[in-house]
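Since the structure comes first, as structure tokens, the remarks are kept for the end.
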Amino acid sequence: MQISNANLQFAYENFQTRLQEVKNYVVFVKKLADISSPVVSEERYIEKYIDDELNSSFNLNSLFPIQRRVVDPLQQRTETDNFNWINVLTVEPQSTRTPTRSDFACHKIDRELQKTLRASTYLLLYNLMESTMSESINAIHETIRDENRNLLELSEKLHKVILQSFSKGLTNEKVSEFSRDNADIRDRIFDLGYDKKKLFSGNIDCGVIDEYCKKYDIRISPYKIDSQPLLWNPDKIEDIRKKRNSLAHGSESFAQCGQNMPIDSIDDNLQSVEAVLMGVFNGLNNFLTRQKYLRAP
């Protein structure tokens, strides 16, 4: 996506970084679930991987490969055979010394833990939506500040958004403060009552995204790759919100959630989240490029 607005580009780059992190995690969880995979990591493979990592630019946040217990395919697998091992770095993250072989250890990942890892994708996907929507909407406000726009230059809808935020921030305490200091409230018109961290609070779904875009007069437009639009399923987005809230509020355990979660549904959820956010960026890119945040002459 070609983006000319610096503030939106910043939000988009952060989105792409977070999206890749989620994709890496999804690949990791799917590998753990693939007990029939013929690609079984032997000890020499793990050793080579460790050597490669130690000889390259080391990233403490990278995901390490899965080491599976080697089982003869002609033997019947028992429940105890169907487990995975993960190679993890045991050195403290704040340590400045170079990791050695002894810093790596194998830890068993049983089925119960796999359920928790699956369910955690709901949190990652929801957080991706909320953080991205907050930063993308904030790009409009940052652009207005960067261009030193005054309130009278803004479009009718954005004018209303600014005044509504200001009215919420104009508490009795603030009124007393401004009166005491003989302050010019025009200096605070754009920031009083506005906080990008409080735009959304556990309620993101397609309905809320549509509502916010209409408030600013942004038209969500599916992003196309090779003439094929990226489409999303609103039901998937709503399900992510509900599951995230159930997990966050403790009304459903991670094990329960993960147990009822088909592994293939993770890809479907990820695809819908990526598609709807790309649609938002596509609409915002057009909105900012055409300066639709300004009042028509």
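Contact annotation: the side chain of Phe190 approaches that of Leu154 to within less than 4.5 Å [non-hydrogen atoms, C-beta and beyond]. No side-chain heavy atom of Val161 sits under 4.5 Å from any side-chain heavy atom of Tyr293. At least one side-chain heavy atom of Phe178 sits under 4.5 Å from a side-chain heavy atom of Arg188. Ile263 places a side-chain heavy atom less than 4.5 Å from the side chain of Val29. The shortest side-chain heavy-atom distance between Asn233 and Asp268 does not fall under the 4.5 Å cut-off. Looking only at side-chain heavy atoms (C-beta outward), Met261 and Lys243 stay at 4.5 Å or farther from each other.
To the nearest 0.5 angstrom, Ser272 atom OG is 11.0 Å from Asp267 atom CG. In this structure, OG1 on Thr289 lies 11.0 Å from CD on Gln2, to the nearest 0.5 angstrom. Rounded to the nearest 0.5 Å, atoms NZ (Lys30) and CD1 (Ile266) are 8.0 Å apart. In this structure, the separation between OG on Ser134 and CD1 on Ile204 is 6.5 Å, given to the nearest 0.5 Å. We find the CG-CG distance between Leu170 and Leu163 to be 11.0 Å, quoted to the nearest 0.5 Å. Atom CG in Leu158 sits 14.0 Å away from atom NZ in Lys292 (nearest 0.5 Å).
For the pair Cys206 and Val276, the tightest heavy-atom approach, listed with the atom from each and the gap, is SG-CG2, 4.4 Å. Looking at every heavy atom in both residues, Ile137 comes nearest to Leu199 through CG2-CD1, 3.9 Å. The minimum heavy-atom distance between Pro222 and Asn282, with the atom names listed, is O-ND2, 3.5 Å. The two atoms that bring Lys174 and Gly169 nearest to each other are CG-O, 3.4 Å, heavy atoms only. Shown here for Cys257 and Leu247, the closest heavy-atom pair between the two residues is CB-CD2, 3.9 Å. The two residues Asn285 and Ser4 have their closest heavy-atom pair at OD1-N, 4.1 Å.
Ile3 and Phe10 sit in two unconnected hydrophobic clusters of ILVMFWY residues. Membership requires side-chain heavy atoms under 4.5 Å apart, directly or through other members. If you chain together hydrophobic residues whose side chains sit under 4.5 Å apart, Trp232 and Ile225 fall into the same group. Residues Ile140 and Ile189 share a single hydrophobic cluster, defined by chaining ILVMFWY side chains whose heavy atoms lie under 4.5 Å apart. Follow the hydrophobic side-chain contacts under 4.5 Å out from Leu117 and you reach Val273 in the same cluster. Using a 4.5 Å cut-off between side-chain heavy atoms of Ile, Leu, Val, Met, Phe, Trp and Tyr, with links allowed through other members, Phe200 and Val280 fall into the same hydrophobic cluster.
Judged by distance alone, the side chain of Ser179 and the main-chain N or O of Ser176 form no donor-acceptor pair under 3.5 Å. Remark: the backbone N or O of Gly283 is not paired with any side-chain donor or acceptor of Ser221 at under 3.5 angstrom. Although no hydrogens or angles enter the test, the distance criterion places a donor-acceptor pair under 3.5 Å between the side chain of Ser136 and the main chain of Met133.
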Step by step, work out the side-chain contact (heavy atoms from CB on, under 4.5 Å) result for Ile218 and Asn286. CA-CA 8 Å; Ile218 301 165; Asn286 179 66; over 6 Å; no
Audit row: Glu112, Lys115, salt bridge (Lys or Arg N to Asp or Glu O under 4.0 Å) steps and yes/no: CA-CA 5 Å; Glu112 290 304 307; Lys115 295 175 186 177; 2.9 Å; yes
Step by step, would you call Glu153 with Glu147 a side-chain contact (heavy atoms from CB on, under 4.5 Å)? CA-CA 11 Å; Glu153 293 179 281; Glu147 296 179 355; over 6 Å; no
Apply side-chain contact (heavy atoms from CB on, under 4.5 Å) to Val26 and Leu124, showing your working. CA-CA 10 Å; Val26 168; Leu124 292 174; over 6 Å; no
Decide yes or no on side-chain contact (heavy atoms from CB on, under 4.5 Å) for Leu294 and Arg149, but give the supporting numbers first. CA-CA 9 Å; Leu294 299 180; Arg149 300 292 181 179; 3.6 Å; yes
If you apply the rule salt bridge (Lys or Arg N to Asp or Glu O under 4.0 Å), what do you find for Glu142 with Arg145, and how did you get there? CA-CA 5 Å; Glu142 291 295 330; Arg145 294 191 187 98; 3.3 Å; yes
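When only modelled atom types and interatomic distance are considered, Glu252 and Tyr122 share no side-chain donor-acceptor pair under 3.5 Å. Between the side chains of Asn5 and Thr143, at least one donor N or O lies within less than 3.5 Å of an accepting N or O. Counting only N and O atoms by type, the side chains of Asn260 and Gln256 include no donor and acceptor under 3.5 Å apart. For the residue pair Asp146/Asn7, the side-chain donor-acceptor check at 3.5 Å is satisfied.
For residues 196-205, the pairs satisfying side chain to side chain donor-acceptor pair (under 3.5 Å) are Asp205-Arg241, with sequence neighbours left out. Residue pairs meeting the salt bridge (Lys or Arg N to Asp or Glu O under 4.0 Å) criterion with at least one member in residues 209-230: none, sequence neighbours excluded. Listed by first then second residue, pairs satisfying ring pair (Phe, Tyr, Trp, His ring centres under 6.0 Å) with a partner in residues 130-153 read His141-Tyr194, His141-Tyr216, not counting sequence neighbours.
Taking a 6.0 Å sphere around CD of Glu173, one finds it holds 12 or fewer heavy atoms contributed by other residues, nucleotides or ligands. Within 6.0 Å of the CG atom in Asp184, the count of heavy atoms belonging to other residues, nucleotides or ligands exceeds 12.
Under the rule for a side-chain contact (heavy atoms from CB on, under 4.5 Å), the partners of Gln16 that lie at least two apart in sequence or sit in another chain are Tyr12, Leu19, Met278. Residues passing the ring pair (Phe, Tyr, Trp, His ring centres under 6.0 Å) test with Tyr223, sequence neighbours excluded: none. Every residue two or more places apart in sequence or in another chain that forms a ring pair (Phe, Tyr, Trp, His ring centres under 6.0 Å) with Phe15 is listed here: Phe281.
Between Glu21 and Arg18 there is no salt bridge, since no side-chain N of the basic residue sits under 4.0 Å from a carboxylate O of the acidic one.
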